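The structure appears right after this line, and notes come after that.
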There are 2 protein chains.
Amino acid sequence: MIEKLKRHKELLGYAAMMAVLMLLLRWLEFRFLILEHQFEIYVTIIAVFFLLFGIWLANKITNPKEKTIIVEKEVRININEPFILNETELELRKISKRELEVLSLMAEGLSNNEIAERLFVSLNTVKTHSAKLFEKLEVKRRTQAIETAKKLGLLAPTLG
Amino acid sequence: MIEKLKRHKELLGYAAMMAVLMLLLRWLEFRFLILEHQFEIYVTIIAVFFLLFGIWLANKITNPKEKTIIVEKEVRININEPFILNETELELRKISKRELEVLSLMAEGLSNNEIAERLFVSLNTVKTHSAKLFEKLEVKRRTQAIETAKKLGLLAPTLG
DNA sequence: AAACCGCTCATCCTTTTGGGTGATTTTAAA
DNA sequence: TTTAAAATCACCCAAAAGGATGAGCGGTTT
């Protein structure tokens, strides 16, 4: 709202400026046709005017750049409540279903080989998935991945 | 980097444009001094040029407008009773303090080497401890050890 | 003193895990 | 339809983890 008014104000300002300019030019044309530096002045005015107009136009056109600020909000949760998967975090880190599947089997303590057998894929595939997971979770080892994942709410906590 | 190149490209473009304009104007001045619409053309060219220049200038000058998006990130907090170590299980499995120490560092995702540094012992020592732990917990891998330990109440559960 | 235990460390060897890269295929979205 | 992302697999190499075994040291218990 205020933004719009400001822009309108600017616009009106420029319009008024233009009107004044026109009058000024007419006046120059008919009154002092043979003024010594008339041409230079005229050109300068035009230049300055369009320069300002260009600046204004650019400001109008430019799309504002977005900056995201993540604010952590504490939420108290009872242990006994069922685990709720944090899908926001999943999307944020672009973790696929398959990767999450591997992650969860990892957390159960399975080796890559066992995971491969469980999912009917090759060992190499499991490795690829785990490598991507480590990148996305910003960790170096599977144990860290499990820790981090639980903290982020991607895996259910292990309760005795 | 790409941004900078783009800007440079633009800059060079404008420079070239200006040079062409100068030549054009000279040409107009000396060759067709009495051309019918010379003045209007000249002014138009000046106007267009400064309009573009203004746009370019504005883009250069304007500090990027930041639009802040606040994303609330839920952080799970456990208000339940603090973790109670299951000492019975500890005694039953004859797990020593040192072993438990290693186990807990393991659960934090540390490598054997990092654990060794943390405890001021050699890598081999850590390996020995972990090997004994695996025996006592009846597991094969550290990930399983962590899982089992949490289930037995030897380690605090990881809560988001 | 002998036996035992926890802690320490070593060596040798194998398996597992992880990093990097590249390729193909399937699937989903624009 | 073109593009983009996911999922699949391979190969190579390096680092970490694990298994097996032996051994020394400082305590406590008997």
Side-chain angles (χ1 to χ4, degrees), chain A residues 63 85-150 152 154-155, chain B residues 2 85-150 152 154-155:
Chain A
N63 41 354
L85 198 149
N86 186 345
E87 314 206 29
T88 314
E89 200 67 40
L90 266 188
E91 283 162 27
L92 239 94
R93 296 179 182 258
K94 295 184 182 174
I95 294 171
S96 67
K97 311 122 238 156
R98 204 56 162 169
E99 283 162 355
L100 186 62
E101 225 170 331
V102 170
L103 183 58
S104 115
L105 292 177
M106 248 183 203
E108 285 180 28
L110 300 200
S111 71
N112 285 341
N113 234 317
E114 290 167 338
I115 295 173
E117 283 177 29
R118 191 75 74 85
L119 299 181
F120 302 104
V121 296
S122 85
L123 172 61
N124 285 310
T125 304
V126 177
K127 282 186 174 187
T128 306
H129 285 317
S130 67
K132 295 214 162 190
L133 271 170
F134 298 159
E135 275 179 42
K136 292 174 182 177
L137 293 173
E138 297 165 77
V139 297
K140 300 232 149 227
R141 277 173 289 283
R142 50 173 51 217
T143 43
Q144 284 183 348
I146 295 164
E147 255 282 285
T148 306
K150 287 188 178 176
L152 295 178
L154 303 180
L155 289 176
Chain B
I2 298 167
L85 197 147
N86 185 346
E87 315 205 31
T88 316
E89 201 67 41
L90 267 188
E91 283 160 29
L92 239 95
R93 294 177 183 261
K94 296 183 181 174
I95 294 171
S96 68
K97 310 123 240 158
R98 204 54 162 170
E99 284 162 356
L100 186 63
E101 225 171 334
V102 170
L103 182 58
S104 117
L105 292 176
M106 251 183 199
E108 285 180 28
L110 301 200
S111 71
N112 284 341
N113 234 314
E114 289 166 338
I115 295 173
E117 283 177 28
R118 191 75 75 85
L119 299 180
F120 302 105
V121 297
S122 85
L123 172 60
N124 286 310
T125 304
V126 177
K127 281 187 176 187
T128 306
H129 285 317
S130 67
K132 296 215 163 193
L133 270 170
F134 298 158
E135 276 179 43
K136 293 174 183 176
L137 292 174
E138 297 164 80
V139 297
K140 300 232 149 226
R141 277 172 289 282
R142 50 174 49 216
T143 44
Q144 283 181 347
I146 295 164
E147 255 281 287
T148 306
K150 286 187 179 176
L152 295 179
L154 304 179
L155 290 175

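Note that this is a predicted model, so its numbers are computed, not measured. Chain letters run A, B, ... following the sequence lines, proteins first and then strands; every chain starts at 1. Values below: every heavy atom of this structure, side chains too, minus hydrogens, waters and symmetry copies.
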Interface residues of residues 96-116 of chain A with DNA chain D (non-hydrogen, below 4.0 angstrom): A/S96, A/K97, A/R98

Test item: side-chain donor near acceptor, A/T125 and A/T128, under 3.5 Å: no

Spacing between A/K94 atom NZ and D/dA7 atom P, to the nearest angstrom: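 It works out to 14 Å between those atoms.
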
Integer-rounded Å distance: D/dT8 P and A/L119 CG: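 A/L119 atom CG is separated from D/dT8 atom P by 8 Å.
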
For a quick test of your reading: what N or O donor-acceptor pairs under 3.5 Å do the side chains of residues 113-121 of chain B make, sequence neighbours left out?
{"from": "B/E114", "atom 1": "OE1", "to": "A/R141", "atom 2": "NH2", "distance (Å)": "2.7"}
{"from": "B/E114", "atom 1": "OE1", "to": "B/S111", "atom 2": "N", "distance (Å)": "2.8"}
{"from": "B/E114", "atom 1": "OE2", "to": "A/R141", "atom 2": "NH2", "distance (Å)": "3.2"}

When rounded to the nearest 0.5 angstrom, what is the spacing between [atom1] in [X] and [atom2] in [Y]?
X	Y	atom1	atom2	answer
A/E89	A/E91	CD	CD	10.5 Å
B/I95	B/E101	CD1	CD	13.5 Å
A/N112	A/N124	CG	CG	10.0 Å
B/L105	B/S130	CG	OG	12.0 Å
A/R93	A/L133	CZ	CG	11.0 Å

Degree of bending, the helix from C/dA1-D/dT30 to C/dA30-D/dT1 (end axes from five pairs; round to 10°): 50°

Nucleotides bounding contact with chain A, strand DNA chain C, heavy-atom threshold 4.0 Å: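 On DNA chain C, the outermost contacted nucleotides are C/dT17 to C/dG19.
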
Option among A/H129, A/K136, A/K94 that satisfies the side-chain hydrogen bond (donor to acceptor under 3.5 Å, both in side chains) test with A/E99: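 Among A/H129, A/K136, A/K94, the one meeting side-chain hydrogen bond (donor to acceptor under 3.5 Å, both in side chains) with A/E99 is A/K136.
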
Flag side-chain contact, heavy atom, 4.5 Å: A/L90 against A/L85: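 Side-chain contact under 4.5 Å: yes.
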
Flag side-chain contact, heavy atom, 4.5 Å: A/E147 against A/T143: no

Backbone of B/L152 reached by a side-chain donor or acceptor of B/N86 within 3.5 Å: yes

Any residue meeting side-chain contact (heavy atoms from CB on, under 4.5 Å) with A/A145, in chain and number order, not counting sequence neighbours: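 If we apply the side-chain contact (heavy atoms from CB on, under 4.5 Å) test to A/A145, skipping adjacent residues, the hits are A/L103, A/F134, A/L137, A/V139.
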
Within residues 127-138 of chain B: residues closer than 4.0 Å to DNA chain C (heavy atoms): B/T128, B/H129

Sugar-phosphate only, base, or nothing, as touched by B/T125 at under 4.0 Å among non-hydrogen atoms: base

